[in-house]
Amino acid sequence: MPASSATPPSAASSAPVVTRFAPSPTGYLHIGGGRTALFNWLFARGRGGKFLLRIEDTDRERSTPEATAAILRGLTWLGLDWDGDVVSQFDRKDRHAEVAHQMLARGTAYKCFSTQDEIAAFRAKAEAEGASYAVFQSPWRDADPARFPDSPYVIRMKAPRTGESHIDDQVQGRVVIKNDTLDDMIVLRSDGTPTYMLAVVVDDHDMGVTHVIRGDDHLNNAARQQMVYTAMDWAVPVWAHIPLIHGPDGKKLSKRHGATGVEEYQVMGYPAAGMRNYLSRLGWAHGDMEIFTSQEAMKVFDLKGIGKAPARLDFKKLENTCGHHMAMTDDAALLHELTAYLAAAEKPALTSAQSDLLLRGMYCVKDRAKTFPDLIDKAHFMLISRPIVPDEAAAKSLDAVSRGILKTLTPRLQNASWTKDALEPILNQIVAETGLGFGKLAAPIRAALAGKTATPSVFDMMLVIGRNETLARLEEASA
RNA sequence: GGCCCGUUCGUCUAUCGGUUAGGACACCUGGUUUUCAACCAGGUAAGAGGGGUUCGACUCCCCUACGGGCUGCCA
């Protein structure tokens, strides 16, 4: 191994783009993981490339099928579709071992018979001698095979010990790592199973991954992984290590910040398109572009536009972004998503009558809603049925005087043409007759039709629920 | 401890040595209005600190502070 290994040739930029998302199935899909997947998806889809999914389940202790299922659900909800089958890293362990042995044969890796106790002792000794950092140096690195004992061994990389390595990263720039900080990492455990460092490289290579876009917690690992590419004479992929997402307080995002799982956002009722928009603007920008569809993002998404600083989650902006997407989505699609939300949130499903009405009245609520719970709240008047029970505030606007006014209104609506143009003069007429402001008339109508004080326009409500229901609710309230 | 990465309005960001440092969210004021929103107009608000380099630095270099990551037979 040369003291200073030059960067191996990067994957040809003209080759079709292949990206991947490779989560380990130890829990739900983290919001940061969701964004990583999104970047990979945008990058590949925007270039006619492929976006692959691989589950890094080599840690048998911590990997669970439930976690894999949760990750797939999260990605599916976010609308991030992947190409081909989901690859299980564990299933490829024989291939990983094969590569480890090939490196053994090439002399770029070696068998190490040191026990874990011996390694611990090595570190303890180095520490006792005042060394602040102890890279384990195996005595077996250049040992004569004739001396090999008949005991378990691991396979380690023969890492360069002097000079420096560098990785050329699309986000981080050129990062230089001194080789004496790189240890002879283990690639095959004593039980014959591969470590992550080996498996990830072998899989990325075999799957034809051209661009590795992942969290910058892997930045240092990239230098180690590059050793494997070099040892096998494989083309190194283009690296792009993106910063992690932090909580509102700037600390690493954790449970105490609230929602960290993608599915939690689904349950809270954020639309997936809004999530994608918001998440893509977290750490990435394209000029002043703020509100955009994923199709639009694909056209301009570029690794160069990713910042190096970690971004904080801001729920206000998330809501605002989602509000734009609610308004942008067509009525039928929105209803469909709402149905999925109700199921995910384990709330009662809509009856077909409610769905029909909602579709008819979607136009007057979607512009003002930011989330699905918000939408439901604003669509309250469409979802309830008589008797309408007014809430406390609404009840106040149904006093004797107001009920009297409603009584005079009802007969006039009996034969009115049911359009806003026809209804408006009727209400205005009553306003003129009573000498009250329009607001004084609108309030009891709102209370009667929706049982609430905050509702869409009274005309929209009347139009949406129709003449018969309007009259019934008005009569009921004025009785 | 060592190494690596980062630091522009409260937040997300634009800026690729020369700008009145721009936009978005949030916030405040005003307008509109039929309530809540939405919408329209305007406003407050930023280059972590200290040294350099330069005619000129947010932009390049160094130091400090703070934050993050890696340092496993975890991924």
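Each chain gets a letter, A, B and so on, in the order the sequences are listed, and its residues count up from 1.
Nucleic acid contact class of A:Pro456 (heavy atoms, under 4.0 Å, all strands): base. As judged by a 4.0 angstrom heavy-atom cut-off over every strand, A:Arg123 is placed among residues touching the sugar-phosphate backbone only. Nucleic acid contact for A:Thr58: sugar-phosphate only, since backbone atoms but no base atoms lie under 4.0 Å from a heavy atom of the residue. At the heavy-atom level, A:Gly323 lies nowhere under 4.0 Å from the strands shown. Note on A:Glu56: only backbone sugar-phosphate atoms sit closer than 4.0 angstrom, heavy atoms only; bases stay farther off. Residue A:Asp374 is classed as having no contact, given no heavy-atom separation below 4.0 Å to the nucleic acid. At the heavy-atom level, A:His286 lies nowhere under 4.0 Å from the strands shown. A:Tyr278 comes within contact range of no nucleotide atom at all, as no heavy-atom separation falls under 4.0 Å. Within 4.0 Å of A:Met185, counting heavy atoms only, lies no atom of the nucleic acid at all.
For A:Asp203, the salt bridge (Lys or Arg N to Asp or Glu O under 4.0 Å) test picks out A:Arg54, A:Arg92, with sequence neighbours left out. A:Glu392 is linked by a side chain to side chain contact (heavy atoms under 4.5 Å, CB included) to nothing, counting only residues two or more places apart in sequence or in another chain. The salt bridge (Lys or Arg N to Asp or Glu O under 4.0 Å) test applied to A:Glu337 returns no partner, not counting sequence neighbours. In this structure, the salt bridge (Lys or Arg N to Asp or Glu O under 4.0 Å) partners of A:Lys378, at least two apart in sequence or on a different chain, are A:Asp374. Checked against ring-ring contact (aromatic ring centres under 6.0 Å, His included), A:Tyr363 has no partners two or more places apart in sequence or in another chain. Remark: A:Ser24 pairs with A:Thr26, A:Glu56 by the side chain to side chain contact (heavy atoms under 4.5 Å, CB included) rule, at least two apart or across chains. A:Phe39 is linked by a ring-ring contact (aromatic ring centres under 6.0 Å, His included) to A:Phe301, counting only residues two or more places apart in sequence or in another chain.
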(message) Assess the residue pair A:Met328 and A:Phe292 against the criterion (side-chain contact (heavy atoms from CB on, under 4.5 Å)); give the C-alpha distance rounded to whole Å, side-chain angles, the decisive distance to 0.1 Å, and a yes or no.
(response) CA-CA 10 Å; A:Met328 283 157 63; A:Phe292 45 81; over 6 Å; no
Check nucleotides 3-9 of chain B for protein N or O atoms closer than 3.5 Å to its own N or O atoms and list the pairs.
residue: B:C5; atom: O3'; partner: A:Gln172; partner atom: OE1; Å: 3.4
residue: B:C5; atom: O2'; partner: A:Gln172; partner atom: OE1; Å: 3.1
residue: B:G6; atom: OP1; partner: A:Lys308; partner atom: NZ; Å: 2.2

Between the protein and nucleotides 21-26 of chain B, which nitrogen or oxygen pairs are less than 3.5 angstrom apart?
residue: B:G22; atom: N2; partner: A:Asp288; partner atom: OD1; Å: 3.2
residue: B:G23; atom: N2; partner: A:Arg281; partner atom: NH2; Å: 3.3
residue: B:G23; atom: N2; partner: A:Glu290; partner atom: OE2; Å: 2.7
residue: B:A24; atom: O4'; partner: A:Glu290; partner atom: OE2; Å: 3.4
residue: B:A24; atom: N3; partner: A:Lys317; partner atom: NZ; Å: 3.0
residue: B:C25; atom: O3'; partner: A:Asn320; partner atom: ND2; Å: 3.3
residue: B:C25; atom: O2'; partner: A:Lys317; partner atom: N; Å: 3.2

Which atom pairs link the protein and nucleotides 18-20 of chain B when you take only N or O atoms and keep those under 3.5 Å?
none

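For residues 425-454 of chain A, every residue pair satisfying the side chain to side chain donor-acceptor pair (under 3.5 Å) rule, not counting sequence neighbours, is listed here: A:Asp377-A:Lys452, A:Arg412-A:Glu433, A:Gln429-A:Glu433. Evaluation of the salt bridge (Lys or Arg N to Asp or Glu O under 4.0 Å) test over residues 21-35 of chain A, restricted to residues two or more places apart or in two chains, returns none.
The base of B:C36 sits within donor-acceptor range of the side chain of A:Arg368, with an N or O pair under 3.5 Å.
Counting heavy-atom neighbours within 6.0 Å of A:Lys396 NZ, excluding the residue itself, gives a total of 12 or less.
Among the nucleotides B:A75, B:A14, B:U35, the one closest to any side-chain atom of A:Tyr196 is B:A75. When the nucleotides B:U13, B:G67, B:C70 are ranked by their closest atom to the side chain of A:Ala285, B:U13 comes out on top.
Nucleotides B:G52 and B:U44 place their P atoms 34 Å apart, quoted to the nearest Å.
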